[in-house]
Structure formats: structure tokens, C-alpha cells
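Here is the structure we will look at.
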Amino acid sequence: MSYLIALAAGLLTALPLLFDELFLLPWFSLVPLFWIAKEKKAAYRHGLVFSLGYYAILYHWFCYLYPMDFAGFDKTGSILVVAVAWVGMSLMQGIGTAFVPFFYRRLTENRRPILAPFAAASLWCVMEWLQTQFWFGVPWGRLAVTQYTKLPLIQSASLFGSLGVGFLMVLVNGFLALGIESLRKTRNPKQPAILVAILLFVTNFAFGLVAMHVPMRGENTFVAAAIQGNIASGDKWADDSLSTSLAIYTTLTEQAVKESGASLVVWPETVITADLAAPGSSARTAISELAERTGVHIAVGAYDTENGSTYNAVYLFEPDGTVNESIYRKRHPVPFGEYLPMRGVMVALLPFLGEINMLSSDLEAGDSPALFESDLGTMGALICFDSIYETLTLDSVRQGAQLMLLSTNDSWYKDSAAVYQHNGHAVLRAVETGRPIVRAANTGISSVLSEKGEVLSHLDPLISGYVAHEVTTCSRTTLYTVIGNLIVWVSFGYLALLLGLRVRDRYSPADAS
């Protein structure tokens with residue numbers, strides 16, 4: 001029965017990632033996990049069951065990859081790849097997440113109950129941070145993403161980041177678990193721990209309401225547009241794809257500039273399947289002429305090749321037709337999508353990976369924010385997967401970015417929950433750093449986000465068109481841009497303290513005698 005409860009807790013925690021009206025669930029759905037960890041010896045196994053439920057819901061959108069004919073697979077091979085991706089990613093993530101209840105049980109045994117909620121929150125915070133440190137630890141399923149449509153509840157990300165929002169959510173769960181356990185034992189309906197949980201939630205919500213209404217002081221206001229040509233990934237590499245893409249994006253750009261008065265236009269990730277830095281590039285010439293003809297800045301996703309290495313990149317074309325000297329190179333390529341980790345080992349273990357057309361050669365990772373200096377302001381860039389790693393946006397803002405450009409693909413996942421979740425990460429990046437974001441996706445979702453995470457304008461998936469809205473460049477400093485992920489190191493310190501207390505108790509003279 002306890003395993004079913006753990007599974008149900010994982011499923012309920014993930015449901016807001018599919019149905020945002022259920023956003024309140026993660027504020028209390030972790031309670032059974034911490035109760036079980038206290039009561040049952042097999043805390044890790046229960047944690048693994050919880051995690052598999054959570055990640056199976058989260059990553060169900062891998063099914064939308066089928067059929068994978070764009071990667072050279074028949075229907076049988078497509079089913080195999082999708083199943084391995086769905087189950088494999090859920091297992092990889094779940095194995096690590098399951099350590100949260102495991103260590104929670106051991107660090108809080110025989111300790112003062114009031115310490116337990118902070119242990120739970122610290123463990124979860126460290127776990128989510130660790131997911132950013134290794135290629136197999138993808139931070140796609142952070143708790144904070146379940147709240148991205150409820151802006152007052154995530155404004156605290158401007159203080160402590162999305163990891164801080166997750167910390168707070170687990171802390172509320174921890175106090176609820178503590179209060180419910182005390183209620184079960186004492187039958188006294190007045191439980192301070194439950195009141196603390198309610199107070200934490202209400203305080204966070206109240207802070208968010210106030211923060212949403214604090215006016216921002218910006219530098220430069222203009223209209224920015226994101227172009228969505230609705231060209232699927234499988235079509236981008238057709239023989240006539242380059243000319244087709246140029247025609248579609250040229251028409252939409254001219255339309256956006258004429259109708260909205262845009263001064264900045266952003267195109268999606270690798271909308272140009274060629275190296276724009278190559279001598280004599282016809283695509284470069286065509287886009288330069290378009291920028292000069294319309295008199296706008298155009299950010300374009302394409303490839304960049306240097307010294308035998310190929311990068312996924314963003315170029316900025318200036319209104320006079322010249323190309324900005326900076327070229328942004330994607331800093332976090334997608335494992336199994338843009339490069340094959342541990343290629344020799346992977347191909348030996350899973351030979352079919354070597355047959356995926358997209359992985360015939362690996363893309364290299366960029367190593368710099370590579371800001372674009374322009375008369376509109378200083379602009380940073382992100383490409384697709386970059387946007388789920390908060391430190392990349394943080395680096396750009398600390399280097400001086402006043403506005404973020406985000407070129408992404410997302411067409412692999414059609415109209416699944418993945419495209420909404422990915423846009424949710426961009427919302428968190430905007431709130432954390434206090435920077436507006438212009439997000440262009442090949443097939444959606446394209447959006448213009450305010451510095452508070454408001455979706456000022458958006459275009460639904462699988463639609464051709466553009467979105468445009470006024471944005472204001474901003475140089476203000478949020479607390480998060482100053483302290484970064486300090487919450488992680490505070491969590492590490494707290495857990496080290498609990499570990500020290502446990503070691504002291506175990507090897508105290510009284511026990512030794």
C-alpha cells in the first residue's frame with residue numbers, strides 16, 4: 001500500500017505540468033513521500049517509485065517523437081528509440097531524486113522535529129542543482145516550472161532563483177508533513193507546523209502580488225517581434241529547405257515590421273541550415289539585404305563553423321545590413337540530439353544510436369555569453385536547451401545583457417506539453433534576472449515575455465505567423481543576479497550540520513560505553 005501511495009504522490013506532483021489549473025498540488029503532494037520516509041525502512045525504494053511516477057508523466061512527450069523517419073528509423077526502430085528515451089530518462093532522473101527521502105530519513109532520525117522540513121527542502125534543492133552538473137541530469141522537471149502560469153507565486157525567483165522557489169515549495173510540504181504527523185499522535189487540531197506552512201505560502205503569494213505591481217525603470221522601449229515559420233524539423237533538411245525557409249521568414253519579417261513597427265526581429269534556432277559565416281553565403285547576403293531594406297535588427301539561428309568545429313549559433317544582422325561582430329554559440333547542446341555523450345561506449349552498448357542521422361557528427365559547445373552591442377541596447381542570447389539552465393542567463397545578465405533573445409526549435413514535440421514546459425523555463429529566467437525575453441520557436445511556442453515573466457504576446461504551436469510587443473531594456477539588479485544560487489550552498493551547509501550532529505550522536509562517549 002505504501003508503494004501505491006508513493007506512486008500516487010509522484011503522479012499528483014507532476015500533473016500541473018500537464019494541467020496548470022492544478023498548480024496547488026505540488027504544495028502538498030510531497031507530504032506522503034516524507035511521511036513514508038519517516039515510517040518505512042525502504043525509503044530509497046519508495047522514493048524511486050515516487051520519482052518514476054513523477055518523471056513518467058513529465059517525459060511522456062517523448063511519444064510525440066514517433067515516427068522518427070526524420071532520423072532514419074522505420075516504425076519499429078522509432079518505437080524502440082522512443083521507449084528507451086522515455087524509460088531511460090525517467091530512470092536516470094529517478095535514481096537521483098530517490099536519494100532525497102533516503103537521506104531525509106537518515107539525517108532526521110532522532111533529531112528535533114523542527115529540523116526535518118528544512119532537511120527536506122535542502123535535499124530537494126541540492127538534488128535539483130545536481131541535475132545541472134552532469135549531462136544525464138537534465139533540470140527539465142523542476143518544481144518551480146509547475147507554477148510558471150501563476151506569476152505571483154514565482155516572483156520570489158527574483159530573490160533566490162527557481163531553486164529557491166522549489167526550496168520553498170518543499171519546505172511547505174515538510175511543515176505540513178510535520179503538522180499532520182503531530183496531529184495523528186496528539187489529536188490536537190492546533191498544529192503550529194501547519195500554520196507555519198500556510199504562512200509561508202501566503203507570504204510568498206503576497207510578496208509576488210506586491211512585486212508584480214512595482215514599476216520598473218528601463219532604458220529603451222521598442223517593439224520586438226518573434227517569427228514562427230512553422231517549418232517542422234523533418235522538413236528543415238529537405239533539398240529546397242534553405243530557399244523555402246528564406247522565403248517564408250522574409251515574408252513574415254516584412255509583415256511584422258510593416259504591421260507592428262518592430263525594431264528587432266528574432267528568428268528561431270537553425271532556421272538557416274547553413275553556415276552564415278561561410279564566404280559567399282547566399283543566405284547571409286539575402287538576410288543582410290532584408291535587414292537593410294526593412295531597417296531592423298534581425299537575430300537569426302544558423303550554424304557557425306570554425307577550425308573544423310561546428311556550432312549551433314545566433315547571428316545579429318544590423319539595420320545597415322552588416323553583421324554584428326559577436327556570434328552567440330549554444331553553450332549547452334542537447335545530449336543524444338546534437339551530440340552523443342561518451343560516443344564509443346554508447347554505440348557499443350546501444351548500436352542503434354550510431355544510426356541516428358542527427359548524430360553522425362557532434363556539435364561543439366560555446367563557452368561565452370557573446371553579447372550583442374547595438375543601438376537598441378546590450379542583448380544576450382540563448383538557444384533552446386540553454387534556457388533550462390539558469391546560470392547561462394545569469395552569466396549573460398552579469399556581463400551586461402539588458403534583454404535576452406531566445407531562439408529555439410521545439411518542433412520535435414509538436415503540440416505536446418513539452419513546448420509549454422519549455423516556455424515555462426523562459427518565464428522563470430525572465431523573473432530571476434529581471435530581463436524581458438523574446439522567444440522565437442520554429443513551430444511554437446513563440447512569445448514575448450516581460451521582466452516579471454508576463455506573457456505579453458504569444459503564438460500557439462503549429463501556426464505560421466509572428467508575435468510582437470513593446471519591450472523595455474533593463475539594467476536593474478535583482479537579488480538573484482547578485483547572489484546567484486546561494487540557496488544551494490546554504491542547503492549544503494545545513495545538510496553538513498545535520499550530518500555532523502548524526503555522527504556526533506553515533507560516536508558519542510555515551511554510545512561508546
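- Atom CD of Glu325 sits in a sparse spot, with 12 or fewer heavy atoms from other residues, nucleotides or ligands closer than 6.0 Å.
- Counting only residues at least two apart or in different chains, ring pair (Phe, Tyr, Trp, His ring centres under 6.0 Å) contacts with residues 195-217 comprise Trp27-Phe201.
- Using a cutoff of 4.0 Å between basic side-chain nitrogens and carboxylate oxygens, Glu109 and Arg502 are scored as salt-bridged.
- Under the 3.5 Å distance criterion, with hydrogens and angles disregarded, no donor-acceptor pair is assigned to the side chains of Thr473 and Gln402.
- A distance of 8.0 Å separates CG of Leu392 from CD of Glu390, quoted to the nearest 0.5 Å.
- Taking the six-membered ring wherever Trp is involved, the centroid distance between the rings of Phe23 and Phe19 does not fall below 6.0 Å.
- With rounding to the nearest 0.5 angstrom, the CD1 atom of Ile95 is 8.5 Å from the CG atom of Leu52.
- No donor-acceptor contact under 3.5 angstrom links the side chains of Thr149 and Tyr420, judged on distance only.
- Rounding to the nearest 0.5 Å places CG of Leu107 at 6.0 Å from CG of Leu123.
- In this structure, CG on Asp20 lies 5.0 Å from NZ on Lys150, to the nearest 0.5 angstrom.
- Sorted by first and then second residue, the pairs that involve residues 424-462 and meet ring pair (Phe, Tyr, Trp, His ring centres under 6.0 Å), not counting sequence neighbours, are Trp140-His425.
- Counting only N and O atoms by type, the side chains of Arg331 and Thr391 include no donor and acceptor under 3.5 Å apart.
- Ring centroids of Tyr104 and Phe34 are separated by less than 6.0 Å, placing the two rings close together.
- Summarising the local packing, CZ of Arg398 is surrounded by more than 12 heavy atoms from other residues, nucleotides or ligands at distances under 6.0 Å.
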*Begin with the C-alpha distance, continue with both residues' side-chain angles, and end with the deciding distance and a verdict on side-chain hydrogen bond (donor to acceptor under 3.5 Å, both in side chains) for Thr433 and Arg476.*
CA-CA 9 Å; Thr433 59; Arg476 74 142 181 171; over 6 Å; no

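- Between the side chains of Ser162 and Arg142, at least one donor-acceptor pair of N or O atoms lies under 3.5 Å.
- With respect to the salt-bridge test (charged N to carboxylate O, under 4.0 angstrom), the residues Asp386 and Arg329 do not qualify.
- A donor atom on one side chain and an acceptor atom on the other are not found under 3.5 Å apart for Ser374 and Glu318.
- Counting all heavy atoms, side chain and backbone alike, Ile487 lies closest to Gly164 at CG2-N, 4.2 Å.
- Judged purely by distance below 3.5 Å, without hydrogens or angles, the side chains of Asn423 and Tyr148 never pair a donor atom with an acceptor atom.
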*Between Ser368 and Tyr328, does a side-chain hydrogen bond (donor to acceptor under 3.5 Å, both in side chains) hold up when you go through it step by step?*
CA-CA 8 Å; Ser368 168; Tyr328 176 76; over 6 Å; no

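- No side-chain donor from either of Asn324 and His297 sits under 3.5 Å from a side-chain acceptor of the other.
- Separation of the Trp61 and Tyr64 ring centroids does not fall under the 6.0 Å cut-off.
- Counting non-hydrogen atoms of neighbouring residues, nucleotides and ligands closer than 6.0 angstrom, the CG atom of Asp367 reaches no more than 12 such neighbours.
- By the ring-ring contact (aromatic ring centres under 6.0 Å, His included) test, Phe103 pairs with Phe99, sequence neighbours left out.
- Between Trp129 and Trp124, the ring center distance fails the sub-6.0 Å criterion.
- For the side-chain hydrogen bond (donor to acceptor under 3.5 Å, both in side chains) criterion with Asn409, the lone passing option out of Asn442, Thr270, Asn312, Thr443 is Asn442.
- Checked for salt-bridge contact, Glu39 and Arg105 miss the test: no charged N lies under 4.0 Å from a carboxylate O.
- Between Glu269 and Lys330 there is a salt bridge, with a side-chain nitrogen of the basic residue lying less than 4.0 Å from a carboxylate oxygen of the acidic one.
- Considering only heavy atoms from C-beta on, Leu449 comes within 4.5 Å of Val455 through its side chain.
- In this structure, Leu176 CG and Ile198 CD1 are separated by 7.5 Å, a value rounded to the nearest 0.5 Å.
- A donor-acceptor contact under 3.5 angstrom links the side chains of Gln93 and Tyr59, judged on distance only.
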